[in-house]
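So you know, we letter chains A, B, ... as the sequences are listed, proteins then strands, and number each from 1.
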Amino acid sequence: MCGRFALSAKTRQIEKLVPSIKRGPDFEPRYNIAPSQKVLSVLNDDNSELQYIRWGLIPFWSKTESIGNKLINARIETIRERQSFRNLVKSRRCIIFADGFYEWTKNSSKTKTPYFIRLKSQETFAFAGLWDSWKNPENQTLRTGTIITTEANELIKGIHNRMPVILPNDLIPQWLSNELFYEELIAELKEPFKADAMEMFEVSSLVNNPRNDSPLNVKEILKTSFFE
DNA sequence: CCAGACGTTGTT
DNA sequence: GTCTGG
DNA sequence: CCAGACGTTGTT
DNA sequence: GTCTGG
């Protein structure tokens with residue numbers, strides 16, 4: 001699963017992943033992005049626009065906002081079957097930027113230990129996602145999205161059985177293209193991102209609280225040596 | 001036909 | 001136990 | 001994902 | 001809005 005992640009990159013690094021996007025503003029680093037918060041994305045609708053959507057999919061037909069609490073992830077194995085997702089695969093794909101994510105493992109003691117996972121290169125990457133547009137009772141439009149998951153790779157398997165679908169950079173244009181052979185691409189994306197390009201660290205349980213998103217907590221959250 | 005769901009993870 | 005909010 | 005709430009009447 | 005279950 002993917003229920004929490006980080007994005008501390010500058011706009012410039014994100015522009016490298018999607019050359020067609022217009023220069024966006026720089027933004028504050030975020031180390032503890034939780035469902036219901038805004039996530040930085042590019043939608044297949046407009047590959048030139050960097051925009052925020054809310055994490056937690058609210059399908060256009062939903063009468064209530066609360067369904068978004070549930071639809072934070074979509075299993076790639078069943079994405080073509082699920083009522084809430086299958087139509088979106090054809091028409092409403094997106095990418096969501098991150099440079100690391102968290103997974104939890106349960107200990108014998110009922111406590112949960114968080115781990116931070118990122119690329120060895122420390123580069124920003126793109127999750128594969130789906131989005132939709134919903135109108136609230138006041139007729140205001142809200143764009144929301146969900147992150148696609150797959151089985152865990154060899155690195156992550158030790159702590160957890162699922163992980164987010166990370167798009168290899170060369171597949172980003174395909175995922176955002178409107179002439180998509182999604183059958184083939186989806187089959188390809190079931191294969192989890194390669195483990196030897198990633199690294200994983202146990203981190204402080206400070207990250208358990210989604211309100212701890214201060215850059216000042218980074219050294220506490222990432223307690224190993226790599227943030228000197 | 002209508003009513004109710006529409007999801008994932010992990011645990012029992 | 002289950003839902004809501006972040 | 002985790003943390004925290006989960007409620008009403010009536011006013012300190 | 002559309003499918004599933006009864």
Output the rounded distance in Å from [atom1] ([X]) to [atom2] ([N]).
X: Asn208(A); N: dG5(C); atom1: CG; atom2: P; value: 21 Å
X: Ile58(A); N: dT4(C); atom1: CD1; atom2: P; value: 12 Å
X: Met163(A); N: dT9(B); atom1: CE; atom2: P; value: 13 Å
X: Arg4(A); N: dG5(C); atom1: CZ; atom2: P; value: 16 Å
X: Trp104(A); N: dT11(B); atom1: CH2; atom2: C1'; value: 18 Å
X: Arg80(A); N: dT2(E); atom1: CZ; atom2: C1'; value: 16 Å
X: Leu88(A); N: dC3(E); atom1: CG; atom2: C1'; value: 15 Å
X: Asn87(A); N: dT2(E); atom1: CG; atom2: P; value: 8 Å

Interatomic distance at [atom1], [N] relative to [M], whole Å:
N: dT2(C); M: dT9(B); atom1: C1'; answer: 15 Å
N: dC1(D); M: dT8(B); atom1: P; answer: 12 Å
N: dA3(B); M: dG6(C); atom1: C1'; answer: 33 Å
N: dG5(C); M: dA5(B); atom1: C1'; answer: 23 Å

Would you say the side-chain atoms of [X] pair up with the backbone N or O of [Y], donor to acceptor, closer than 3.5 Å?
X: Asn212(A); Y: Leu206(A); result: yes
X: Trp134(A); Y: Ser62(A); result: yes
X: Trp55(A); Y: Ala34(A); result: no
X: Arg93(A); Y: Trp175(A); result: yes
X: Thr141(A); Y: Lys135(A); result: no

Out of dT9(B), dC2(D), dG1(E), minimum distance to the side chain of Pro210(A) belongs to dC2(D)

Nearest to the side chain of Pro35(A) - dC2(D), dG1(E), dG6(C)?
-> dG6(C)

Remember a base hit wins even if backbone is also touched, and classify Arg86(A) as base, sugar-phosphate or nothing at under 4.0 Å, heavy atoms.
-> sugar-phosphate

Select base, sugar-phosphate, or nothing to describe what Ile72(A) touches, counting heavy atoms under 4.0 Å on all strands.
-> base

Output row for DNA chain B, stems defined as at least 3 consecutive Watson-Crick or G-U pairs under 3.5 Å, is B:1-6 with E:1-6

Would you please indicate if the ring centroids of Phe5(A) and Phe127(A) are separated by under 6.0 Å?
-> yes

Nearest 0.5 Å please: distance from the SG atom of Cys94(A) over to the CH2 atom of Trp131(A).
-> 8.5 Å

Got a second to check how far Ile58(A)'s CD1 is from Ser84(A)'s OG, nearest 0.5 Å?
-> 12.0 Å

If we only count heavy atoms from C-beta on, is the Arg12(A) to Arg23(A) side-chain gap below 4.5 Å?
-> yes

Side chains of Pro164(A) and Glu103(A): does their closest heavy-atom pair fall under 4.5 Å?
-> yes

Expected string for nucleotides 3-8 of chain B under the B/S/- scheme (protein heavy atoms, under 4.0 Å, primed atoms plus P, OP1, OP2 as sugar-phosphate) is ---BBS

